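Hydrogens, waters and symmetry mates play no part in the numbers below; they use all other heavy atoms, side chains included. The chains referred to below are lettered A, B, ... by the order of the sequence lines, with proteins before strands, and numbering in each begins at 1. Treat the numbers as computed from the prediction; the structure is a model and nothing was measured.
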2 protein chains.
Amino acid sequence: MRACILTIGNEILKGKTVNTNAAEIGRLLYFSGYEVYRVLTVPDVKEEIGEGFRSLIGKCGVIVSSGGLGPTFDDMTVSSFAEEFKIPLVLDEGVYNIIKSRAESRGHEMSKEREKMALIPKGSRIVKNEVGSAPGIFHVVGNTKIYILPGVPAEMRSMLKLIVEEIKLEDSFHFEESILLKGVFEATLAPYVTAIMNKYDGRVYIKSHPLLCEKGESCLEVEVSAKSVQLEKSRKLVKEVIMEIKTAALKIGQG
Amino acid sequence: MRACILTIGNEILKGKTVNTNAAEIGRLLYFSGYEVYRVLTVPDVKEEIGEGFRSLIGKCGVIVSSGGLGPTFDDMTVSSFAEEFKIPLVLDEGVYNIIKSRAESRGHEMSKEREKMALIPKGSRIVKNEVGSAPGIFHVVGNTKIYILPGVPAEMRSMLKLIVEEIKLEDSFHFEESILLKGVFEATLAPYVTAIMNKYDGRVYIKSHPLLCEKGESCLEVEVSAKSVQLEKSRKLVKEVIMEIKTAALKIGQG
């Protein structure tokens, strides 16, 4: 099944913030058995957020978004999502009370900005925020399951832990392993990689990443991954292919 | 003017690689005067790369892509781009000779995989690769300028340096500055931020990021940015607004 990631925030677009959230979500989705199909980042603008969700729905069975759930004027993910899909917002009393007592326990009054975080698209399920105020939201549009999570990494991460079991695809296990080949050039290994990929006919995926090792020596990281209905089967395939790559590296007199 | 970033690679989608390239390109574009409008990541699949470029063209005056220029079977950005826009690929003799002598100086033969990197969409301009083999490509489709750069960070970075002058918008200067307010809650400052933004009527942008300071104290990073035809004017506006935020923080008894 395909999964898409939508990250929301000007700070990501202009490179002030490196998008580590997308990487964390991507890892979770990949090892839950999904093919991660798109990562899209849009600005803090109502129409752009709406268009972001719209462009990914239908492409993916699951969308995980991150960002724009806080109290400030430019936190507008929930309202933009609701408006785009014409879902009314309703005040969730449970969430309202949690946010209110959290604010009051710190000597703050409940405000319009805090109340906003308790406005939830009708028909959504809440994902509890164990770290901050704004809850996450689970909503289904058509055949697409949508998780709307916060952008603050600690809050997002705590919610990923809460959803990891329900999001997992039961019949799909990825296994991957990397080897480091010293003094091997990507272009020299490339035809061997192609031949091995063809031999295994789509059951394994091999990707190489040129790196610099110590003393500026050229190194090649070769990553082999496989997906199947049993983890043991994926592991076995990967180990087998890694042996073939090592043999190829020896054959070309390197590695 | 709007700018879009397209990053290509399964390793980014599944979170093996954190997308620092997008952040570096985003910073360059932002400080060159652009509104960075989308970052999109697509898999190493011909149709998806084509669709990625297609979906951004018309949205942005400039697209910078990164990834998929190397010699392996899954480096297919140039051919996917060319196929999507029906541009024939031609062997660039200058590039071919550079790649050939580079390979031979290291004791390798010219191969099909290395030759692939010299196939350039007709009508493109080459961006020299001062670090690796595959050149970058500049091509115009309709009203959109497209820079196709490698994914290896050192190679990409060296090309950004080569294009920074030509990409810069002459009449546009961003300035930004951040302050750290200790013990300030985002929701408490939010109405002041909104009021200041309204007062300046779109000439400044204020964004707050909740952080943890030492001893777990709540802190708020407040970032103020402005864009105008003169750097000095942007700087003056930002300094003025930062003073207003400090005053607001004092008024609410924090900061």
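- With a 4.5 Å cut-off on non-hydrogen atoms, B:Leu29 does not touch chain A at all.
- Heavy atoms closer than 4.5 Å to chain B are found in the side chain of A:Ser178, but not in its backbone.
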Requested in this report: Please report the C-alpha distance between A:Lys14 and B:Glu176 in whole Å, then the side-chain angles of each, then the deciding distance to 0.1 Å, and finally whether the salt bridge (charged side-chain N to carboxylate O under 4.0 Å, His left out) criterion is met.
Outcome: CA-CA 12 Å; A:Lys14 67 183 188 187; B:Glu176 67 176 39; 3.1 Å; yes
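- Going from atom CG of B:Leu13 over to atom CZ of A:Arg2 covers 11.5 Å, rounded to the nearest 0.5 Å.
- Ranking A:Thr20, A:Ile25, A:Val193, A:Val36 against chain B, the residue ahead of the rest is A:Val36, based on heavy-atom pairs under 4.5 Å.
- Interface residue A:Glu223: only side-chain heavy atoms are found under 4.5 Å from chain B.
- For A:Tyr205, the part sitting under 4.5 Å from any heavy atom of chain B is the side chain, from C-beta outward, and nothing else.
- Using a 4.5 Å heavy-atom threshold, the side chains of B:Val18 and A:Val18 count as touching.
- When side chains are defined from C-beta on, A:Pro191 does not count as touching B:Lys112, because their heavy atoms never get closer than 4.5 Å.
- If you measure heavy-atom distances from A:Thr72 to chain B, the contacts under 4.5 Å come from both the backbone and the side chain.
- Contacts with chain B were tallied for A:Asn10, A:Ile12, A:Ile5, A:Thr17; A:Asn10 has the most, counting heavy-atom pairs under 4.5 Å.
- By number of non-hydrogen pairs under 4.5 angstrom with chain A, the leading residue of B:Glu48, B:Glu24, B:Glu109 is B:Glu48.
- Residues B:Pro43 and A:Arg38 approach most closely at CD-NH1, 3.4 Å, considering heavy atoms.
- Contact count versus chain B (heavy atoms, under 4.5 Å) is highest, among A:Ala187, A:Ala190, A:Ser225, for A:Ala187.
- The greatest number of non-hydrogen atom pairs below 4.5 Å with chain B, out of A:Val45, A:Asp75, A:Asp44, is found for A:Asp44.
- In this structure, B:Glu11 CD and A:Tyr30 OH are separated by 11.5 Å, a value rounded to the nearest 0.5 Å.
- Separation of atoms CZ (B:Phe185) and OG (A:Ser133) is listed at 8.5 Å; rounding is to 0.5 Å.
- Shown here is B:Lys168, whose NZ atom has more than 12 heavy atoms of other residues, nucleotides or ligands within 6.0 Å.
- A:Ile206 touches chain B through its backbone: at least one of N, CA, C or O sits under 4.5 Å from a heavy atom, while the side chain does not.
- For chain A, the nearby part of B:Glu51 is the side chain; its heavy atoms alone come within less than 4.5 Å.
- Here NZ of B:Lys16 is found 4.0 Å from CD of A:Glu221. Values are rounded to the nearest 0.5 Å.
- Contact between A:Gly9 and B:Lys207 at its shortest, heavy atoms only, is CA-NZ, 4.0 Å.
- With a threshold of 4.5 angstrom between heavy atoms, A:Glu35 does not approach chain B through any atom at all.
- With a threshold of 4.5 angstrom between heavy atoms, A:His209 approaches chain B through side-chain atoms but not through N, CA, C or O.
- Ranked by non-hydrogen atom pairs under 4.5 Å with chain A, the options B:Thr7, B:Val42, B:Asn19 are led by B:Val42.
- Counting heavy-atom pairs closer than 4.5 Å to chain A, the top-ranked of the candidates B:Leu40, B:Leu211, B:Val152 is B:Leu40.
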Would you give me the side-chain donor-acceptor pairs under 3.5 Å for residues 56-67 of chain A, sequence neighbours excluded?
from, atom 1, to, atom 2, distance (Å)
A:Ser66, OG, A:Asn21, ND2, 3.0
A:Ser66, OG, A:Pro150, O, 3.1

